Protein chains: 2
Amino acid sequence: MSTHAAIAAHTSRTVPGYLASVIAMPSAAGVLPSTPPRTSADPLATLGHSKVLDRGTTVFTEGDAAGAVFRVHSGVIRLHKMLPDGRRQIIGFLHTGDMMGLAFADQYLYTAEAVTATTVQRISRAELEAVMDAQPGFARKLLSATTSELMAAQDQMLLLGRKTASEKLASFLLRLSARTTAGRIVDLPMSRCDIADYLGLTTETVSRTVTKFKSARLIRILVDGKLELLDHDALTDLAGGF
Amino acid sequence: MSTHAAIAAHTSRTVPGYLASVIAMPSAAGVLPSTPPRTSADPLATLGHSKVLDRGTTVFTEGDAAGAVFRVHSGVIRLHKMLPDGRRQIIGFLHTGDMMGLAFADQYLYTAEAVTATTVQRISRAELEAVMDAQPGFARKLLSATTSELMAAQDQMLLLGRKTASEKLASFLLRLSARTTAGRIVDLPMSRCDIADYLGLTTETVSRTVTKFKSARLIRILVDGKLELLDHDALTDLAGGF
DNA sequence: CGCACAGTTGACAATAGTCAAACGATGTGG
DNA sequence: CCACATCGTTTGACTATTGTCAACTGTGCG
């Protein structure tokens with residue numbers, strides 16, 4: 001179980017807190033050449049300030065006063081919740097462009113930590129509110145992003161409640177591969193323990209299932225935390241149409 | 001397992017669909033006497049039309065073209081997703097005031113069915129869009145509601161991924177009781193199978209756990225699908241601080 | 001009255017968890 | 001430069017929680 005366990009961050013949490021909203025709003029860097037000059041630039045671009053975080057750093061902790069939202073500019077962040085005895089459930093992994101901490105309450109509802117070295121942009125609640133007031137379309141963008149995140153959360157409920165270990169791992173790998181443009185190569189920056197706590201399994205079960213997939217020639221482990229999907233179709237069948 | 005199983009409604013669903021957003025916007029009936037006349041009345045009140053649904057009726061099915069959102073005026077609705085082999089995961093139960101189907105995509109991502117006799121208000125996407133255009137604050141209300149729903153989904157992930165059968169049932173009963181004002185009496189309109197598919201368990205395990213709670217004097221079964229919480233504190237401990 | 005169905009209970013099986021040991025990579029200090 | 005410590009991962013043996021299959025009970029409805 002979670003190596004983190006130990007003393008659970010069990011602050012008072014009767015009040016609903018901030019929650020994550022993944023906002024797909026790629027930074028200017030990735031603009032397609034064919035795209036005409038955009039009429040509405042990123043309204044958050046000039047707000048707040050950026051921070052560089054080492055691997056393992058905590059961005060905020062469940063129960064903390066929630067004064068700001070964050071946007072990931074590079075790297076991977078994990079969000080998790082904990083039970084009093086230290087059992088951990090990872091709520092999601094955030095990549096470049098994703099936002100976290102968006103909500104209308106006064107405490108964070110989960111902990112955010114850097115899986116890899118990351119840069120995040122901190123935007124205070126006040127600033128965010130100001131943008132929503134100034135730009136009528138912005139709230140709808142946030143709504144759209146939050147809605148997408150909710151969809152993902154519902155898929156995850158199906159996974160956690162009804163899928164077997166193999167199905168969970170297959171789904172996880174396919175989702176990661178769908179996220180990256182690079183065909184069959186998947187980047188796995190997180191530990192087996194992180195994967196386990198995301199899929200509702202133990203490290204041992206994840207490890208055994210990975211070994212099973214290797215033996216069945218479904219995947220191949222590469223160097224540097226990368227992995228190749230050898231049989232996308234078989235994995236898709238396993239994952240249950242997702 | 002789900003008695004529903006049989007032939008799974010396995011339509012094409014590569015395109016992301018509509019998703020649920022629970023909108024706490026109590027109807028005029030429940031206005032507090034102390035509340036001053038509200039400046040902004042329910043902007044959806046006059047839209048669409050109401051339908052009365054029998055117990056068991058399907059409102060919409062996963063994969064259907066998503067042309068409208070719905071608001072529950074009375075009764076209880078369940079939302080579920082299915083795997084190709086018929087395994088079912090209930091995503092949530094909706095009560096009076098809750099909305100479903102809100103999203104920015106063209107297919108419903110889950111099925112909605114009436115647990116009890118219900119009345120629902122159907123609002124077309126076009127009408128909803130029009131309200132968002134006309135009332136700048138409305139998108140933010142929807143955002144707030146969607147955000148709350150996402151918080152609930154994240155709690156459910158923790159439950160599904162990390163809690164034991166007893167902890168799941170205790171959490172479930174406490175959530176239901178928190179929803180109703182009537183102290184220790186909880187209304188359980190859904191079947192054991194529904195509860196099982198919501199908690200990621202089987203009917204048999206739910207039944208056994210209920211029996212265990214009865215033996216331990218934690219709960220008492222009443223007539224007509226009602227139940228009394230005899231030891232709220234013990235249940236809270238069991239549920240893991242929630 | 002009896003059929004149908006939800007719920008309960010029992011016996012047994014299986015998936016995943018627990019505990020433990022060993023392995024490999026990485027980094028530190030002698 | 002190598003020994004050693006540490007951490008993440010893998011593998012094994014065993015356990016246990018939950019699922020499966022099946023029978024039975026109780027309740028409501030035709």
Side-chain angles (χ1 to χ4, degrees), chain A residues 1-6 54-56 78 83 85-89 113 115-116 159-170 172 188-215 219-227 238 240, chain B residues 1-6 54-56 78 83 85-89 115-116 159-170 172 188-215 219-227 238:
Chain A
M1 180 70 41
S2 319
T3 50
H4 307 254
D54 287 340
R55 192 168 160 274
R78 67 171 171 253
L83 290 171
D85 66 357
R87 279 174 289 173
R88 184 178 72 147
Q89 178 66 42
E113 295 165 337
V115 174
T116 63
L159 179 147
L160 291 169
R162 286 300 177 217
K163 289 187 180 178
T164 65
S166 293
E167 292 167 343
K168 286 176 176 179
L169 185 64
F172 177 64
L188 272 186
M190 63 291 287
S191 70
R192 295 287 185 270
C193 179
D194 283 350
I195 299 172
D197 285 346
Y198 182 58
L199 300 179
L201 299 170
T202 58
T203 327
E204 292 93 331
T205 300
V206 171
S207 180
R208 279 185 247 271
T209 310
V210 168
T211 303
K212 214 173 66 178
F213 281 14
K214 279 194 289 189
S215 309
I219 62 173
R220 197 159 62 95
I221 304 295
L222 308 176
V223 292
D224 200 30
K226 296 202 190 308
L227 179 149
L238 244 182
Chain B
M1 178 71 42
S2 321
T3 51
H4 308 254
D54 287 340
R55 192 169 160 273
R78 67 172 170 251
L83 289 171
D85 67 356
R87 278 173 289 173
R88 185 178 71 146
Q89 177 66 42
V115 173
T116 64
L159 179 147
L160 290 169
R162 287 298 177 219
K163 289 187 181 178
T164 65
S166 293
E167 290 167 344
K168 286 176 176 180
L169 185 64
F172 177 64
L188 273 185
M190 64 291 287
S191 69
R192 296 286 185 270
C193 179
D194 282 351
I195 299 172
D197 284 347
Y198 182 58
L199 299 180
L201 299 170
T202 58
T203 329
E204 292 93 332
T205 300
V206 170
S207 180
R208 279 185 246 270
T209 309
V210 168
T211 303
K212 213 174 67 178
F213 281 14
K214 278 194 289 190
S215 309
I219 62 173
R220 197 158 61 96
I221 304 295
L222 307 176
V223 292
D224 199 32
K226 295 201 191 305
L227 178 150
L238 243 182

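The figures that follow rest on heavy atoms only: side chains count, while hydrogens, waters and symmetry mates do not. Order of the sequence lines sets the chain letters (A, B, ...), proteins ahead of strands, with each chain counted from 1. Since we're looking at a predicted model, the values are computed, not measured.
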* **Summary of protein contacts for nucleotides 9-15 of chain D, nucleotide by nucleotide, where a base hit scores B, a sugar-phosphate-only hit scores S (4.0 Å, heavy atoms)** => SBBBB--
* Asked: B/Arg88 CZ to D/dG19 P: how many Å, rounded?
  -> 15 Å
* Between C/dA16 (C1') and A/Asp197 (CG): distance, integer Å -> 15 Å
* Drop me the distance from B/Phe172's CZ to B/Leu188's CG, to the nearest 0.5 angstrom. => 6.0 Å
* Can you check the B/Asp224 CG to C/dA6 P distance for me, whole Å? -> 17 Å
* Determine yes or no for a side-chain-to-main-chain donor-acceptor pair under 3.5 angstrom, with A/Thr205 supplying the side chain and A/Leu201 the backbone. => no
* **Atom pair NZ/OG1 of A/Lys214 and A/Thr211 - distance to nearest 0.5 Å** => 5.0 Å
* Asked: Base, sugar-phosphate alone, or nothing: which one does A/Gly225 contact when heavy atoms must sit under 4.0 Å apart?
  -> nothing
* To do: Take atom CG of B/Asp194 and atom C1' of C/dG7, then tell me their distance rounded to the nearest Å.
  => 13 Å
* Min side-chain heavy-atom separation B/Asp197-A/Arg162 under 4.5 Å -> yes
* How close do A/Ser166 and A/Leu238 get, heavy atom to heavy atom, and via which atoms? -> CB-CD2, 4.0 Å
* d(CZ, B/Phe213; P, C/dG7) in whole Å -> 17 Å
* **Least distance between heavy atoms, A/Glu167 atom then B/Arg87 atom** => OE2-NH2, 2.7 Å
* Asked: Rounded to the nearest Å, what distance is computed from the CZ atom of residue A/Arg162 to the C1' atom of nucleotide C/dT15?
  -> 14 Å
